[in-house]
Amino acid sequence: MKTAIWLYLFLFLAVFDLHAQYPILTPFAISLGAAPTFIGWMMGIYSLTHLPGNLIAGTQIDKHGSRRYIVFSLVGAGFILLLQAHIHTPWQLLALRSISGFVLAFLSPACLALLAQLSNDPVKQGKYMSGHGVVHTLASVVSPAAGAVIVGAMGFSATFSSLGYLLILTGVIALLTMPRGLVRQPQPLTEPAKPGLAPSGSAKANSDPSPSEAPKAFLPVSWRYFMLPLVIACAQGILFFELPLRGGGHSSMMSTGLLFSIISIGALFTLSMLFLNRYSPKLRLVAGVLLMSLSFFVMAAVPQISLSIVLFVLGMSKGIIFPAMATLFIHLSGGSKLGRIFSLQSIATSIGSFIGPITAGQLRLGVSPYFIAFILLMIGILVLPYYTSRHTAPLSSSDAKSILG
């Protein structure tokens, strides 16, 4: 529990630091002379350079543990922000954002894998993931507005410098307090014995798998599940691109920060609904994505509606989606190879975050980017497996009760 508390503190500071940049990066790029199309590429390249980091993180986190990668991400991102405080051209910003994307690619899978390794109990794992969502949301509630306020008082350079020093300090504290190596090697979730099958603890259950079961040992989660983080990240990338541009970038920094905070407040609202954990994670995931897609449809089809209300509802959908997605991936993976599983999730997220802002930057004059986000989210819902395949073991009633609390 002590490790979880420290990790939540690091997550809060890191998320606060990173989300504080959301409302100010676009105005900062415009102040350097960047056009909207270039800004779309700047936001997209950050996510594209996540990919090599995600690929490296998958196997290395399982092999060496999360500590060194958490420290590397925090300290590296801090130094990049210190450099970002002294640049003068859009191309310099593009280069630093691309490096930052690689450095921060290790943070999310390392944190999620460490949280999942703190316990072998699926119920506790679900609680740790919910705690991750609450901490992430609390930090993102205040950070966008705080970032806009700090820029208004101190300017861009001083803001980036202060955020950079905060990340470096957080990384040093993580180095001194995080456990070395793996906290605990998760064991596969046990299932009740079925007719004709040996119990999970028998010699037969522990024997080598048959050739038909080999793909499950390599990747126990169907690739179709990873389509959802891809389309969700794509939709979020479109939103993060569009919101700062709605008022021209300069005059709307404060209001944009408040709008990002409203999204986080909506997420916090549904995260506090603990009774939602009693429902199937797949059911919660589908309901959350459907609610998010309808929010984007309303923004595209009814532009006169209050943006604050729609963004609050969209935030509610995020509070449903992300804990359910983490719980579902833990269950489908059987509690093994969590570093690889969360790395693949981060890869899908990186690809979506790359496609989203670039698509919005290229097509925003011809079609509403919000409508594109709606279409992509609906496709994600349709692709999600709704039946039990041979690569995914059915969820028994006893497992469902332990997973869902």
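Just so you know, these numbers use all the heavy atoms, side chains as well, and skip hydrogens, waters and symmetry mates.
- We find the CG-CD1 distance between L93 and I87 to be 4.0 Å, quoted to the nearest 0.5 Å.
- At distances below 3.5 Å, at least one donor-acceptor pair connects side-chain atoms of R284 with backbone N or O atoms of Y279.
- Within 6.0 Å of the CZ atom in F38, the count of heavy atoms belonging to other residues, nucleotides or ligands exceeds 12.
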**OP:** Please report the C-alpha distance between F160 and L82 in whole Å, then the side-chain angles of each, then the deciding distance to 0.1 Å, and finally whether the side-chain contact (heavy atoms from CB on, under 4.5 Å) criterion is met.
**Re:** CA-CA 6 Å; F160 290 134; L82 294 181; over 6 Å; no
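- Shown here are the side chain to side chain contact (heavy atoms under 4.5 Å, CB included) partners of S353, two or more places apart in sequence or in another chain: S47, A233, T349.
- I99 pairs by the side chain to side chain contact (heavy atoms under 4.5 Å, CB included) definition with I80, V103, not counting sequence neighbours.
- Here CG of L166 is found 12.5 Å from OG of S161. Values are rounded to the nearest 0.5 Å.
- In this structure, the side chains of F322 and I232 come closer than 4.5 Å at one or more pairs of heavy atoms.
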For residues 265-272, which side-chain donor-acceptor pairs fall under 3.5 Å, sequence neighbours excluded?
from: T270; atom 1: OG1; to: A267; atom 2: O; distance (Å): 3.1
from: T270; atom 1: OG1; to: M316; atom 2: O; distance (Å): 2.9
from: S272; atom 1: OG; to: L268; atom 2: O; distance (Å): 3.4
from: S272; atom 1: OG; to: F269; atom 2: O; distance (Å): 2.6

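- In this pair, F28 and F156 present their aromatic rings tilted. The plane angle is within the 30 to 60° band.
- Looking at heavy atoms from C-beta onward, L311 lies in side-chain contact with L243 at the 4.5 angstrom threshold.
- Contact record, T49 with G101: OG1-CA, 3.4 Å, taken as the closest heavy-atom pair.
- When atom types are taken as modelled, the side chain of S157 and the backbone of A85 share a donor-acceptor pair closer than 3.5 angstrom.
- I351 contributes atom CD1, which lies 6.0 Å from atom CG of L230 (distance to the nearest 0.5 angstrom).
- With sequence neighbours left out, the side chain to side chain contact (heavy atoms under 4.5 Å, CB included) criterion links L169 to I173.
- For T327 (side chain) and A324 (main-chain N/O), no donor-acceptor pair under 3.5 Å exists by modelled atom type.
- Here the closest non-hydrogen pair linking L239 and L314 is CD2-CD2, 4.1 Å.
- Between L259 and S308, the shortest heavy-atom distance links the atoms CD2-OG, 3.9 Å.
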**OP:** Would you please test W41 and I358 for side-chain contact (heavy atoms from CB on, under 4.5 Å) and show each step?
**Re:** CA-CA 6 Å; W41 280 99; I358 292 178; 3.4 Å; yes
Which side-chain N or O atoms in residues 287-306 pair as donor and acceptor under 3.5 Å with protein atoms at least two apart or in another chain?
from: S293; atom 1: OG; to: V289; atom 2: O; distance (Å): 3.4
from: S293; atom 1: OG; to: L290; atom 2: O; distance (Å): 2.7
from: S295; atom 1: OG; to: L291; atom 2: O; distance (Å): 3.0

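- Residues G380 and V231 approach most closely at CA-CG2, 4.0 Å, considering heavy atoms.
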Subject >> Steps toward side-chain contact (heavy atoms from CB on, under 4.5 Å) verdict (T89, L32) >> reply: CA-CA 6 Å; T89 68; L32 298 177; over 6 Å; no
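- Under the side-chain hydrogen bond (donor to acceptor under 3.5 Å, both in side chains) criterion, S264 pairs with S140, sequence neighbours left out.
- Distance check: F260 CZ to S143 OG gives 10.0 Å after rounding to the nearest 0.5 Å.
- Residues Y225 and P385 have side chains in contact (heavy-atom distance under 4.5 Å, counting atoms from C-beta outward).
- In this structure, L25 and Q84 have side chains that are in contact, with non-hydrogen atoms separated by less than 4.5 Å.
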Original post:
For F72 and R68, what are the C-alpha separation, side-chain angles and deciding distance, and is it a side-chain contact (heavy atoms from CB on, under 4.5 Å)?
Top reply: CA-CA 6 Å; F72 167 73; R68 65 182 66 183; over 6 Å; no
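- To the nearest 0.5 Å, atom CG of residue L167 and atom OG of residue S162 are 10.0 Å apart.
- The two atoms that bring L48 and F354 nearest to each other are CB-CD1, 3.5 Å, heavy atoms only.
- Within the 4.5 Å cutoff, side-chain heavy atoms of L384 are placed close to those of K282.
- Within the model, atoms CE of M325 and CD1 of I320 stand 12.5 Å from one another, a figure rounded to the nearest 0.5 Å.
- Of all heavy-atom pairs between V383 and M227, the closest is CG1-CG, 3.8 Å.
- Not a single donor-acceptor pair under 3.5 Å links the side chain of E242 to the backbone N or O of I238.
- When side chains are defined from C-beta on, Y69 does not count as touching L107, because their heavy atoms never get closer than 4.5 Å.
- Judged purely by atom type and a 3.5 angstrom limit, R67 uses its side chain to pair as donor or acceptor with the backbone of L175.
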